Amino acid sequence: MTEPLVVKLGGSVVDRLSSAWWDDAAAVAADRPIVIVHGWSAPVAALQGERRREPVMLLSQTGYRSRLTDAAVLDDIRTVSARVRDDIAAHLARRAVDARTVDASVARLIHARVIPQRWWVDGKLEHLDNLVGPVEHVDGAAVIALLAGVGALVVTPLATSAEHPTVNTDADRAAAHLATALGAAEMVFVTDVHGVLVDGATVRELSPSDLPGLRGQLTGGMRKKVQAVTSALGRGLHGAAIGRAPISELLAGLAGTRVRSDA
Ligand SMILES: Nc1ncnc2c1ncn2[C@@H]1O[C@H](COP(=O)(O)OP(=O)(O)OP(=O)(O)O)[C@@H](O)[C@H]1O
Ligand SMILES: [Mg+2]
């Protein structure tokens with residue numbers, strides 16, 4: 001099989017991509033299998049708004065901030081993700097690309113570790129089941145098996161852990177782990193901005209040695225993405241493109257920011 005291409009599709013854009021974007025994705029998938037890992041932040045926030053639920057922010061004993069993932073939040077993520085997976089598969093099916101859809105926690109593709117820690121609740125440190133943790137391992141062989149006979153695999157990056165059947169994990173890091181588990185040299189992140197912005201302009205290329213100089217410019221979701229890529233550089237990834245453009249343009253370096261190893 002030709003090496004699969006892993007594409008992380010931000011929940012920030014998944015509902016807003018043009019017909020031309022999907023035509024290009026289908027053309028890429030005709031050449032090599034693609035694995036689309038989707039995010040969910042914007043659609044989950046919209047659903048929680050409808051359900052009038054505020055996200056609960058937590059502070060751990062070590063000063064780490066996290067949004068509480070409890071059973072209700074996991075349920076929201078699953079509800080949104082089932083719809084997002086089906087939408088992505090439908091866009092591809094209309095362009096003659098067969099896509100299989102999967103929740104990675106159910107298929108046991110992504111394994112994460114929930115680190116037991118205490119969190120500040122009403123001025124006291126308490127143990128809480130915050131069902132979120134870093135990715136430890138991706139079963140690359142199982143991903144390849146699911147790609148058999150289809151042109152695309154659409155993955156919800158929920159994970160499974162030793163103690164819990166389903167846990168939340170960072171979608172960017174999960175996508176990067178998935179790419180390196182497949183031995184990929186390149187991957188693509190499609191998001192809602194044209195690339196990594198520094199002083200208001202899209203940077204064409206970035207490597208780990210540039211990062212200390214960018215402190216404060218990279219925040220929120222973009223910082224997570226760049227961190228996911230730079231840690232994957234240590235696992236065999238050569239580079240990744242980040243931007244809002246057709247996959248083929250991002251791969252060819254015609255759009256977006258390319259994050260790559262220092263020469
Ligand atoms: N220097 C920067 N350059 C570009 N975007 C930045 C920068 N710093 C912070 N950001 C923010 O990062 C956001 C992209 O990350 P975000 O997590 O929102 O999207 P996503 O990862 O594509 O979606 P999801 O999290 O749902 O998968 C941008 O919309 C922007 O607000
Ligand atoms: Mg994000």
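Just so it is clear, the structure is predicted and the values come from calculations on it, not from any experiment. Numbering of ligands and ligand atoms starts at 1, following listing order.
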Arg108 atom CZ, neighbour heavy-atom count above 12 within 6.0 Å: no
Atom CD of Glu54: over 12 foreign heavy atoms under 6.0 Å: no
Heavy-atom proximity to atom 24 (P) of ligand 1, best of Ala42, Ser41, Ala228, Gly39: Ser41
Which bit of [X] is near ligand 1, meaning a heavy atom under 4.0 Å away: side chain, backbone, both or neither?
{"X": "Arg223", "result": "neither"}
{"X": "Gln217", "result": "backbone"}
{"X": "Phe189", "result": "neither"}
{"X": "Ala171", "result": "neither"}

Cluster link Leu178 to Leu109, ILVMFWY, side chain under 4.5 Å: yes
Sole residue of Val188, Val28, Leu254, Asp31 in side chain to side chain contact (heavy atoms under 4.5 Å, CB included) with Ser248: Val28
Please could you name the atoms of ligand 1 that [X] approaches to less than 4.0 Å, counting only its heavy atoms?
{"X": "Gly10", "result": "20 (P), 22 (O), 23 (O), 27 (O)"}
{"X": "Thr191", "result": "14 (C), 19 (O), 20 (P), 22 (O)"}
{"X": "Thr219", "result": "8 (N), 9 (C), 10 (N)"}
{"X": "Val193", "result": "4 (C), 5 (N), 28 (C), 29 (O)"}

Side-chain touch Ile242/Met222, heavy atoms, less than 4.5 angstrom: yes
Ser105 and its side chain to side chain donor-acceptor pair (under 3.5 Å) partner, picked from Thr169, Thr166, Asn168: Thr166
Heavy-atom gap Lys224 to ligand 1 smaller than 4.0 Å: no
Min heavy-atom dist Pro43 to ligand 1 below 4.0 Å: no
For [X] and ligand 1, does the shortest N/O to N/O distance drop below 3.5 Å?
{"X": "Gly220", "value": "no"}
{"X": "Leu218", "value": "no"}
{"X": "Val196", "value": "no"}

Nearest non-hydrogen protein atom, atom 27 (O) of ligand 1: Lys8 NZ, 2.7 Å
Protein heavy atom at shortest distance from atom 28 (C) of ligand 1: Asp192 OD1, 3.4 Å
Chi angles and distances behind the side chain to side chain contact (heavy atoms under 4.5 Å, CB included) call for Thr79, Asp76: CA-CA 5 Å; Thr79 301; Asp76 293 341; 5.5 Å; no
Polar contact flag, side-chain donor to acceptor under 3.5 angstrom, Thr156-His38: yes
